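Okay, structure first, notes after.
Because the structure is a prediction, the values reported are computed rather than measured. Start at 1 and go down the list; that is how both ligands and their atoms are numbered. Each residue takes its place number in the sequence, starting with 1.
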Amino acid sequence: MKKILVTGGAGFIGSHVVRLFVNKYADCHIVNLDVLTYAGNLENLKDVEGKSNYSFVKGDITDEIFIDQLFEKESFDAVIHLAAESHVDRSIMDPLSFVKTNVLGTAVLLNAARKYWKETSNKLFYHVSTDEVYGSLGESGFFTETTPYDPHSPYSASKASSDHLVKAYYDTYGLPVVISNCSNNYGSHQFPEKLLPLMINNIVHSKPLPVYGKGDNVRDWLWVEDHARAIDVILHQGKLGETYNIGGFNEWKNLDIVHLLCRIMDKKLNRAAGESAKLITFVKDRPGHDKRYAIDATKLNKELGWKPSLQFEEGLDRTIDWYLANGEWIDSVTSGAYKEYYSNQYVSR
Ligand code: NAD
Ligand code: DAU
């Protein structure tokens with residue numbers, strides 16, 4: 001592949017995907033298309049900024065004229081589509097912006113690919129999605145690629161809609177597509193509104209640690225660089241029209257993970273054992289809160305040979321160290337519009 005369009009490359013996962021591809025494929029040009037919402041920050045990509053096989057385009061995936069012009073001008077061999085509104089709590093407060101970006105934005109990109117990719121034999125539209133489309137599990141069982149869709153939040157419903165559009169473009173127009181559905185990512189550069197970076201930042205500043213409900217919801221955590229590697233493998237070896245689940249085989253109850261963070265950070269911050277855990281505050285539950293997510297990533301492992309590379313304890317340690325060393329990044333990305341949202345959150349609880 002000579003030219004790849006990555007949408008949402010200035011966000012958390014997108015920046016790791018861009019970094020991996022720019023460094024690994026010197027003969028491939030990576031175009032990062034991002035509108036730079038509160039969640040998109042070019043600081044995430046400072047280390048690749050000057051590389052000759054990387055360029056950034058500021059633009060909105062919902063802007064049909066702009067996207068059409070981009071596809072007419074550039075001959076992309078592949079699209080890796082990550083741009084989205086990604087935070088469940090925000091989708092509860094402002095569902096329409098999720099429908100706009102995640103559903104309309106995906107449709108605009110698919111349609112541009114349909115119109116401007118005349119010869120599709122060497123093209124690929126890779127849609128990056130989430131395990132939340134499958135809904136919620138009980139105490140046992142796993143999501144597989146054939147689990148029926150059952151989304152509950154405006155975020156997951158918008159991602160489910162976008163997945164269906166991708167499949168519809170494959171079935172109807174023969175557009176070459178592939179989809180992956182991944183579990184919760186963690187690592188550096190994640191916007192500090194999501195569970196792990198929010199808790200790390202609040203522990204540092206001795207602020208309350210807001211645990212929703214009883215803290216007994218379960219999530220499966222995956223090191224973000226392992227997700228980026230999985231995307232690389234699927235892009236190059238995945239079968240057209242297929243879905244691949246990506247997960248860490250690493251389930252944690254929210255409360256357990258917060259206690260683990262507190263224990264590790266007490267040591268790193270030279271605090272007395274148990275001091276950070278005193279900050280844990282149980283708050284009103286998230287409406288429609290999915291109980292448990294757990295991904296069965298066997299297909300990806302058996303068919304394409306991918307598996308997670310990093311133990312959770314090691315990944316968490318690296319993640320905490322990154323946030324401790326990058327206080328300026330946190331201050332910079334949490335200035336402006338985010339501050340307003342953040343204080344509203346607490347008023348409503
Ligand atoms: P993020 O919120 O950190 O980044 C999203 C990026 O998209 C930002 O850079 C933002 O500026 C950009 N963007 C938003 N609206 C745009 C628009 N209209 N036009 C152009 N760019 C726009 O999200 P993330 O956590 O990195 O997630 C990336 C993708 O992976 C999303 O599609 C998400 O649904 C999916 N996903 C995330 C996780 C996770 O744990 N974070 C897990 C599975 C799947
Ligand atoms: O499963 C994949 C999904 O993981 C992605 O598709 C989403 O983009 C991503 O945001 C993430 O969604 P979650 O809702 O699982 O992530 P979040 O970090 O918001 O919350 C993780 C769990 O922690 C969830 O059960 C809610 C809980 N939580 C979250 C926050 C922010 C709290 O208890 N307190 C909090 O302050």
Report the nearest protein non-hydrogen atom to atom 36 (N) of ligand 1: residue, atom name, distance rounded to 0.1 Å.
I13 CD1, 3.9 Å

Heavy-atom proximity to atom 31 (C) of ligand 2, best of M199, E193, Q190:
E193

Any non-hydrogen side-chain atom of I200 less than 4.5 Å from a side-chain atom of I203?
no

Between the CG atom in N245 and the CG atom in L300, the distance rounded to the nearest 0.5 Å is 9.0 Å

Quick one: does S183 get an N or O within less than 3.5 Å of an N or O on ligand 2?
no

Closest to atom 40 (O) of ligand 1 among protein heavy atoms sits N185 N, 2.9 Å

Interatomic spacing from CH2 in W221 to OH in Y293 - rounded to 0.5 Å
10.5 Å

Identify, by atom number and element, the atoms of ligand 1 in contact range of G59, meaning under 4.0 Å from any of its heavy atoms.
19 (N), 20 (C)

May I ask whether H289 places a heavy atom under 4.0 Å from ligand 2?
yes

Find the distance between CG (N217) and NZ (K253) and round it off to the nearest 0.5 Å.
10.0 Å

Atoms of ligand 1 close to N184 [distance to a heavy atom under 4.0 angstrom, numbered from 1]:
40 (O)

In terms of residue, atom name and distance, what is the protein heavy atom nearest to atom 9 (O) of ligand 1?
D34 OD2, 2.5 Å

Looking only at distances, can you tell me whether any N or O atom of T62, backbone or side chain, sits closer than 3.5 Å to an N or O atom of ligand 1?
no

Side chain or backbone, does L195 bring an N or O within less than 3.5 Å of an N or O on ligand 2?
yes

Y212 ring centre to R286 NZ or CZ under 6.0 Å, with the angle to the axis within 45°?
no

At under 4.0 Å between heavy atoms, what of N184 touches ligand 2? The answer is both

What part of K194 sits under 4.0 Å from ligand 2 if we count only heavy atoms: the side chain, the backbone, both or neither?
both

What protein heavy atom sits nearest atom 23 (O) of ligand 1, and how far away is it?
S86 OG, 3.2 Å

I'd like to check which ligand 1 atoms, numbered from 1 as shown, lie under 4.0 Å from a non-hydrogen atom of T37.
10 (C), 11 (O), 14 (C), 15 (N)

For ligand 1, indicate whether the residue L36 contacts it via side chain, backbone, both or neither (heavy-atom separation under 4.0 Å).
backbone

As an exercise, identify every atom of ligand 1 less than 4.0 angstrom from a heavy atom of G40.
8 (C), 9 (O), 11 (O)

Roughly how far apart are Y126 OH and T7 OG1, rounded to 0.5 Å?
12.0 Å

Of the protein's non-hydrogen atoms, which lies at the shortest distance from atom 42 (C) of ligand 1, and what is that distance?
S183 O, 3.3 Å

If I take atom CD1 from residue I231 and atom CH2 from residue W306, how far apart are they, to the nearest 0.5 angstrom?
10.5 Å

Nearest option to atom 5 (C) of ligand 1, as decided by whichever heavy atom of C182, A84, G187 sits closest
A84

Can you tell me which residue and heavy atom of the protein come closest to atom 25 (O) of ligand 1, and the distance to 0.1 Å?
F12 CD2, 3.8 Å

Considering only heavy atoms of S129, which atoms of ligand 1 have at least one such atom less than 4.0 Å away?
43 (C), 44 (C)

Measure the CG-CG distance between D290 and D131 for me, rounded to the nearest 0.5 Å.
9.0 Å

Nearest to atom 22 (C) of ligand 1, what protein heavy atom do you find, and at what distance?
V35 CG1, 3.6 Å

From the candidates S86, A39, G247, the one that places a heavy atom nearest atom 9 (C) of ligand 2
S86

For K159, the atoms of ligand 1 under 4.0 Å from one of its heavy atoms are 31 (C), 32 (O), 33 (C), 34 (O)

In terms of atom number and element, which parts of ligand 1 are under 4.0 angstrom from non-hydrogen atoms of D60?
17 (C), 18 (N), 19 (N)

List every atom of ligand 1 that sits less than 4.0 Å from any heavy atom of Y155, numbering the atoms from 1 in the order shown and giving each element.
33 (C), 34 (O)

